[in-house]
S.K.: 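Right, I'll just put the structure down here and ask away after.
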Amino acid sequence: MMDENSLNGAQNVGVGQSRVNNAVTGDKIADDASNGNAQTVPQYTIPGILHFIEHEWQRFQAERSQWDTDRAELQSKIAVLLGERKGLQTTHSDLIRRIKMLEYALRQERIKFHRLKFGCDPPTVDLTQSPDEQGLELNADAEYPYSPVTNQMWERGRARLQNYLKEIGWTETIIDVRSKCTRNLLKLGNAEQEENISPNVNGTETNNKRASESQGRDQPAKKSQQQQAMADALLLDTEAAVMSSFAFLEPADVEMDDEDYMGDDMDLVTGSSDSDMKQLKLKTKGVIVNDDDADAEAEEVLNDLNRLAEGEDANMNMVVNNQRINEGSMKRRGVMTGLVGDEEVDSSLGLGELAELTVTNESESTYDVNNSKESYRKTWNAKYTLRSHFDCVRALAFHPKESVLITGSEDHTLKLWNLQKTVPAKKSASLDVEPLYTFRAHNGPVLCLAMSSSGEQCYSGGLDGVINCWNLPNSNIDPYDSYDPEVLKCSLEGHTDAVWRLAVNHTKGNLVSASADGTVKLWSPQSKIPLLNTYSSDTEGIPTSVDFVRDETDKIVVSYKSAVSIIHDVETGKPILKLTPNGMSGATDPTKYINRIISHPTMPIIITAHEDRWIRFYDANDGTLLHAMVAHLDAVTSLAIDVHGLYLLSGSHDCSIRLWNIANKKTCVQEITAHRKKFEESILDVAFHPSKPFIASAGADAIAKVFV
Amino acid sequence: MVMEAQSQQTQQILRRNRPGTSAKEFCQWPDENFEEMDSTLVVQQYIQQLIRKDPSNVEKLLTMPDGQDEGVWKYEHLRQFCMELNGLAVKLQTQCFPATCTQMTATEQWIFLCAAHKTPKECPAIDYTRHTLDGAACLLNSNKYFPSRVSIKESSVLKLGSVCRRVYRIFSHAYFHHRRIFNEFEEQTFLCLRFTHFVTKYNLMSKDNLIVPISDAGEIPGESEA
Ligand SMILES: [Zn+2]
Ligand SMILES: [Zn+2]
């Protein structure tokens, strides 16, 4: 038997990748020129007094300008908040309108149903009533009987709705919607967090403040205008996108007089079906509670929507939590401006983001307006989708110089991807890449990866307890070249259980590994006897993650199952320092389980990612907890820092990756929803390219994504 | 304020392999009913759960849950087969060399040409194995043919047959030329047994091509339907 067609040969059409962005701009550290104090002179001479007075005057001048700066900053803040408030109000009224539309649609359905069932129009309802009028007469309608609405009907309605949603690629939409909705919640949550825990992470804190002050002084008014304009533009965009995505739904069999409203309606539902219904529920509830017009009927609608959202209870709680945080900070904000009454505060909960709903990350359009505060800041967009694994992608490693990424998966393989060899995909926005090489040697899932500093070797650790050292094939290799056994350089054997984390020391080229067998091992992969040392902790249990302390040589930091991390001396293996999360009574706390530990590349800071959704920052010199923040809606699984140490990237089982500005108050500057769930896992690793503007995420959905 | 609700959360079982999990505990969580799984990857989850429980229970493995789309069911099974075949390929790499197995053969009847190249090529057995698995990985993950794992076009489902035929040759080569490896692998995974039943049940390969004898070849479930 002969084979017919070629399977799916590698067609490397077109070498895309033209966009080269400057990844990060260094924070300018403003020089804090201190004004020298007056010298105390024993005898008063006229020149001496003059000098003193002059000096004092200068000091007052400096202080005055400082006050001016502060005032300008506060003024600009007020302007910004006012702008935000206006935006929120717009969204608020828009949402109210949409709720009314929903009610209207529901009523129309009921009428139709009634007509079909009894062959006549229901007695009390005026069919020609426009939706807005309807809204005004809600109270009158409240007595309308609900008996015709049966469960089956809802089942059917739900099925139909799901069909629509599937047709329009709802999962993608929802992912984006959710992504936007959660972003601000978290940002606000963290702002509050910061007040509780000393924000003084490092010396640059004050400097940054100074820098931002001067920025504020430069153009306070302009900024707020800009913001306003942006908010408006976003709203317009939202509308436009909504309309276009629903254009083809018009012939749907819900009878609506006004197609515009139809579009609006469906949007609301789309954004919130299934996985996101709970958000809608919370938000609309917030609106209803404060709306005097709220009535039984509206509540009924919401209850029905809630029923659709059943089965999402677990996530519900999370959202509730964040909502609460949000509430807190919104209130503070209300106080700050002194303008917003209670009503507005509550009703505007989390609605601001809705304006951004359709600025999808997939789209290639160069919206740099995602975060209105830093107009020049880079926004990452999904560009490459790496599909070829059959199961969870557990690990990522970028080549130090080339546009090459290695992925490690539970399907037992590693794959090498050259991002410059792409296949154009259906959507023009993202490009498909096919792997150039598949590394096979592990007997079981591959769990972790590390790249040597030169980029010539790559290391992988597996569930089989083996660490393999690979010679990277040329990044232009033919994917269907003949098998070269030399690619597997050597295997480091010594661990007796799964190897979960590898890290490379870039100055010495040593490798450190953390294994479920209870040990951490230090290797010199190039040596004849590679194993250099073994470390373990009698008290803290199994290591979960490990990294070299970057700003010093000869120290490693290991996180243990007990949620405690220990800095070990590489030579002696002795524990030097213990890092303990706040409020730990010494007993093991499984909720604080550390999924990942990394060291800051330039500063003595250790960062841990926890199962309880927090990211914690420790001082590597004295072990104090510098900062802690709720970073995600679910367990934080992975962390990466860019090579300059300015941005932190985190991945979570909440399906999103988040980018944090480390230097500037650890605010979340971008949130991207990137992967779907398999069981209760979603994102398993994130990475920064050491020299090119790429970030990547690895998912339990067997896909890796690269953002530019 | 946040902590209270969260401690309640952790009460429920979270099906996660956290770093530090031992190989023994990996994926060893309680079973979940198919109906209760709510991710977009339910079928894969369900199949893997069954395999973990008992890889030899072929009948259970190939019993499709009610209301499941058959195309997706077949597709996810084939993904799982190709994934597990990586294990056999790893073993073959240690014994199957281009010098000794210059061509992809099973019995002497056929020489198989490797379809991964622009023009089919007479690749050595180990290259054939790797190329075929790599090609299958690309095809089964292709955005063009399989953009979704929830619903699959009929025309794409038709592609599954040719993937089956090609990957089956890896079994047959191992069986006829590297019997020790084959037996060792089959004892652990029952992969060839499962695969044979699978392609028979869903009529993805003709019976004449199924040349590796399997233990209970007499009674293949679903044969009559096929
Ligand atoms: Zn061979
Ligand atoms: Zn070939």
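Note on naming: letters A, B, ... go to the chains in the order of the sequence lines (proteins, then strands), and numbering restarts at 1 for each one.
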S.K.: So, are A/R440 and B/D134 salt-bridged, with charged N and O less than 4.0 Å apart?
M.R.: yes
S.K.: Look at the rings of A/W500 and B/F26 and say which category their plane angle falls in: under 30° parallel, 30 to 60° tilted, over 60° perpendicular.
M.R.: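 Answer is tilted, since the angle falls between 30° and 60°.
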S.K.: So, B/N86 side chain and A/D411 main chain: donor-acceptor pair closer than 3.5 Å or not?
M.R.: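 Between the backbone of A/D411 and the side chain of B/N86 there is a qualifying donor-acceptor contact (under 3.5 Å).
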S.K.: Strictly distance-based, threshold 3.5 Å: is any side-chain N or O of B/R16 a donor or acceptor partner for the main-chain N or O of A/E680?
M.R.: yes
S.K.: So how far is it from B/R130 CZ to A/S482 OG, rounded to the nearest 0.5 Å?
M.R.: 9.5 Å
S.K.: Using a heavy-atom cutoff of under 4.5 Å, enumerate the residues of residues 42-49 of chain B that contact chain A, numbered in order, or state 'none'.
M.R.: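 Within residues 42-49 of chain B, the residues that come under 4.5 Å of chain A (heavy atoms only) are B/Q44, B/Q45, B/Q48, B/Q49.
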S.K.: Nearest 0.5 Å please: distance from the NE2 atom of B/H117 over to the OH atom of A/Y480.
M.R.: 8.5 Å
S.K.: For the pair B/Q93 and A/Y483, evaluate side chain to side chain contact (heavy atoms under 4.5 Å, CB included) and give the outcome as yes or no after the intermediate values.
M.R.: CA-CA 9 Å; B/Q93 277 175 178; A/Y483 174 54; 3.4 Å; yes
S.K.: Identify the two heavy atoms, one from A/S388 and one from B/A137, that lie closest to each other, and give their separation to 0.1 Å.
M.R.: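 Looks like O-CB, 3.5 Å.
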S.K.: What residues form a side-chain contact (heavy atoms from CB on, under 4.5 Å) with B/A174, not counting sequence neighbours?
M.R.: B/L88, B/L92, B/F182
S.K.: Are B/N143 and A/R387 linked by a side-chain donor-acceptor pair shorter than 3.5 Å?
M.R.: yes
S.K.: For chain B, find which of A/H653, A/K415, A/H442 contributes the most heavy-atom pairs closer than 4.5 angstrom.
M.R.: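 Among the listed options, the one with the most contacts to chain B is A/H653.
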S.K.: What is the distance from atom CD of A/E410 to atom CE of B/M83, rounded to the nearest 0.5 Å?
M.R.: 7.0 Å
S.K.: State the OG1-CG distance between B/T21 and A/L447, to the nearest 0.5 angstrom.
M.R.: 9.0 Å
S.K.: Salt bridge or not for B/R18 and A/E611, using N-O below 4.0 Å?
M.R.: yes
S.K.: Restricting to non-hydrogen atoms, name the atom on B/R149 and the atom on A/A702 that form the minimum distance, rounded to 0.1 Å.
M.R.: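 What the structure gives for the nearest pair is NH1-CB, 4.1 Å.
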S.K.: Heavy-atom cut-off 4.5 Å, strictly under: side chain, backbone, both or neither for B/D127 against chain A?
M.R.: side chain
S.K.: Does some side-chain heavy atom of A/P435 sit less than 4.5 Å from a side-chain heavy atom of B/C138?
M.R.: yes
S.K.: Give, as side chain, backbone, both or neither, the part of A/D497 having an atom under 4.5 angstrom from any heavy atom of chain B.
M.R.: side chain
S.K.: In terms of heavy-atom proximity below 4.5 Å to chain B, should A/Y437 be classed as side chain, backbone, both, or neither?
M.R.: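 It is the side chain, since no backbone atom gets that close.
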S.K.: Measure distances from A/R596 to the heavy atoms of chain B and classify the residue's part below 4.5 Å as side chain, backbone, both or neither.
M.R.: neither
S.K.: Measure across B/V90 and A/A441 and return the closest heavy-atom pair with its distance rounded to 0.1 Å.
M.R.: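 For B/V90 and A/A441, the tightest heavy-atom pair comes out as CG1-O, 3.4 Å.
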S.K.: Check each atom of B/F146 against the heavy atoms of chain A and say whether the ones under 4.5 Å are side chain, backbone, both or neither.
M.R.: backbone
S.K.: Rounded to the nearest 0.5 Å, what's the gap from CZ on A/F679 to CZ on B/R15? Could you check?
M.R.: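 Reported value, rounded in 0.5 Å steps: 7.0 Å.
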S.K.: Are any of the side-chain heavy atoms of A/N443 and B/K91 separated by less than 4.5 Å?
M.R.: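 Answer yes - side chains close enough.
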S.K.: Please flag which part of A/L488 lies under 4.5 Å from any non-hydrogen atom of chain B: side chain, backbone, both or neither.
M.R.: neither
S.K.: At a heavy-atom separation under 4.5 Å, does A/P445 approach chain B through its side chain, its backbone, both, or neither?
M.R.: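 Side chain of A/P445 only, per the 4.5 Å heavy-atom cut-off to chain B.
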S.K.: Taking side chain as C-beta onward, heavy atoms only, is B/N17 less than 4.5 Å from A/E681?
M.R.: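 B/N17 vs A/E681: side chains touch.
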S.K.: Quick one: of A/I542, A/D481, A/L684, A/I703, who has the most non-hydrogen atom pairs under 4.5 Å with chain B?
M.R.: A/D481
S.K.: Which atoms of A/A700 are under 4.5 Å from chain B, going by heavy atoms: the side chain, the backbone, both sets, or neither?
M.R.: backbone
S.K.: Is a donor on one side and an acceptor on the other found under 3.5 Å between the side chain of A/Y593 and the backbone of B/P19?
M.R.: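 Pair found, side chain donor or acceptor close to backbone of B/P19.
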